[in-house]
**Q** 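So that we are looking at the same thing, I have put the structure below in C-alpha cells.
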Amino acid sequence: MKEKNLAVELLKRLIAEQVAIYKRTNLVKSEKFSEIIQSTMNKCLNGLLTNEEVIAELLKLVKDIAKAHKEGEALGLSQDELAFYDAITKLEAIKDFYEHKNSYNSV
C-alpha cells in the first residue's frame with residue numbers, strides 16, 4: 001500500500017511539473033489540466049478512487065497533455081497561435097478577459 005501511495009504522489013508531481021511548463025505557453029489548457037489533477041486527487045482523498053484508479057486517471061492525463069502538444073501541429077499552428085485559439089474558444093477565458101480588461105491593459 002505504501003508503494004502505491006508513493007507512486008501516486010510521484011506521478012502527480014511529475015505531471016504537475018509538466019503542467020507548470022505548459023502554463024508558460026498555454027494558460028487555458030494548463031488550468032484545465034490542473035483542475036483534472038486536483039479533481040482526481042480530491043476523489044482519492046474522499047475514498048471515491050483507489051490508488052490504482054488514480055494512477056490510471058493520471059496516466060490518461062499524461063496522454064491528454066501529449067495530445068494537446070500535437071494539436072497545434074495538426075492545425076498548422078505555433079504554440080502561441082494554439083494558445084490564442086484555445087483562449088478564444090473557451091468562453092470562460094473570454095469572459096475573464098473582459099471582466100479583468102483593465103488589469104490586462106496595465107501589464
Side-chain angles (χ1 to χ4, degrees):
M1 184 68 165
K2 187 176 183 177
E3 292 82 17
K4 290 179 185 173
N5 287 338
L6 291 175
V8 166
E9 186 60 31
L10 180 60
L11 186 56
K12 183 187 91 165
R13 285 185 186 186
L14 290 171
I15 295 171
E17 286 177 19
Q18 288 302 305
V19 170
I21 292 168
Y22 202 75
K23 187 175 187 175
R24 295 179 198 156
T25 57
N26 196 322
L27 183 62
V28 173
K29 281 196 178 160
S30 69
E31 286 178 1
K32 174 186 165 191
F33 297 144
S34 293
E35 289 171 7
I36 293 170
I37 293 171
Q38 189 61 45
S39 173
T40 301
M41 298 313 294
N42 286 343
K43 288 177 185 176
C44 179
L45 292 173
N46 292 327
L48 300 174
L49 293 177
T50 64
N51 284 337
E52 292 86 2
E53 292 169 325
V54 171
I55 291 170
E57 289 291 320
L58 292 176
L59 290 174
K60 181 183 177 295
L61 180 58
V62 168
K63 290 178 184 176
D64 291 344
I65 292 170
K67 181 181 171 186
H69 280 291
K70 294 179 183 175
E71 282 180 354
E73 294 173 11
L75 294 171
L77 302 174
S78 70
Q79 290 295 328
D80 291 336
E81 292 168 332
L82 180 62
F84 180 74
Y85 174 81
D86 290 337
I88 63 172
T89 58
K90 184 175 178 187
L91 294 177
E92 295 85 20
I94 295 168
K95 182 181 175 187
D96 181 59
F97 174 79
Y98 282 108
E99 286 178 355
H100 299 95
K101 186 176 178 181
N102 292 333
S103 63
Y104 288 121
N105 288 337
S106 65
V107 175

**Q** Rounded to the nearest 0.5 Å, what separates atom CG in Asp64 from atom CD in Glu71?
**A**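 Going from the CG atom of Asp64 to the CD atom of Glu71 covers 9.5 Å.
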**Q** Where is the tightest heavy-atom contact between Asn51 and Cys44, given as atom of each residue plus distance?
**A**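 Heavy atoms of Asn51 and Cys44 come nearest at OD1-SG, 3.9 Å.
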**Q** Between Ser39 and Ile36, is there a donor-acceptor pair closer than 3.5 Å when you use the side chain of the first and the backbone of the second?
**A**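 Answer holds: no.
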**Q** Picking from Val54, Ile55, Val62, what satisfies side chain to side chain contact (heavy atoms under 4.5 Å, CB included) with Leu58?
**A**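 When side chain to side chain contact (heavy atoms under 4.5 Å, CB included) is applied between Leu58 and each of Val54, Ile55, Val62, only Val54 qualifies.
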**Q** Looking only at atom types and distance, does a side-chain atom of Glu35 sit under 3.5 Å from a main-chain N or O of Lys32, one as donor and one as acceptor?
**A**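 No.
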**Q** Could you check if a side-chain atom of Lys12 sits within less than 4.5 angstrom of a side-chain atom of Ile37, using non-hydrogen atoms only?
**A**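 Yes - at least one pair of side-chain heavy atoms lies under 4.5 Å apart.
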**Q** Would you mind reporting whether Glu9 and Asn5 have side-chain heavy atoms less than 4.5 Å apart?
**A**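 Asn5 does not reach Glu9 side chain to side chain.
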**Q** Distance check, rounded to the nearest 0.5 Å: Leu75 atom CG versus Tyr85 atom OH?
**A**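 Result: 6.0 Å between the selected atoms.
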**Q** Output the distance between atom OG1 (Thr40) and atom CD (Glu57), rounded to the nearest 0.5 Å.
**A**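 Output value for this atom pair is 5.0 Å.
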**Q** What pair of heavy atoms forms the shortest contact from Asn26 to Lys29, and how long is it?
**A**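 In terms of heavy atoms, the two residues are closest at OD1-N, 3.1 Å.
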**Q** Between CG of Leu11 and CG of Leu6, what distance do you get to the nearest 0.5 Å?
**A**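 Reported to 0.5 Å precision, the distance equals 12.5 Å.
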**Q** Check the hydrophobic clustering (I, L, V, M, F, W, Y; side-chain heavy atoms under 4.5 Å; chains of links allowed) and say if Ile21 and Val28 are grouped together.
**A**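 Ile21 does not cluster with Val28.
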**Q** Quick check for you: to the nearest 0.5 Å, what is the distance between Lys63 atom NZ and Lys67 atom NZ?
**A**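 Here the interatomic distance stands at 12.0 Å.
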**Q** Which atoms form the tightest heavy-atom contact between Phe33 and Ala68, and what is the distance?
**A**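 Of all heavy-atom pairs spanning Phe33 and Ala68, the closest is CZ-CB, 3.8 Å.
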**Q** Indicate yes or no: at least one non-hydrogen side-chain atom of Met41 is less than 4.5 angstrom from one of Val8.
**A**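 In contact.
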**Q** For the pair Asn46 (side chain) and Asn42 (backbone), establish whether a donor and an acceptor sit closer than 3.5 Å, ignoring hydrogens and angles.
**A**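 A pair under 3.5 Å: yes.
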**Q** I need the minimum non-hydrogen distance between Lys23 and Leu27, along with the two atoms involved.
**A**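 Between these two residues, the closest heavy atoms are CE-CD1, 3.5 Å.
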**Q** I need the minimum non-hydrogen distance between Leu82 and Gly72, along with the two atoms involved.
**A**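 Scanning both residues, the minimum pair turns out to be CD2-N, 3.5 Å.
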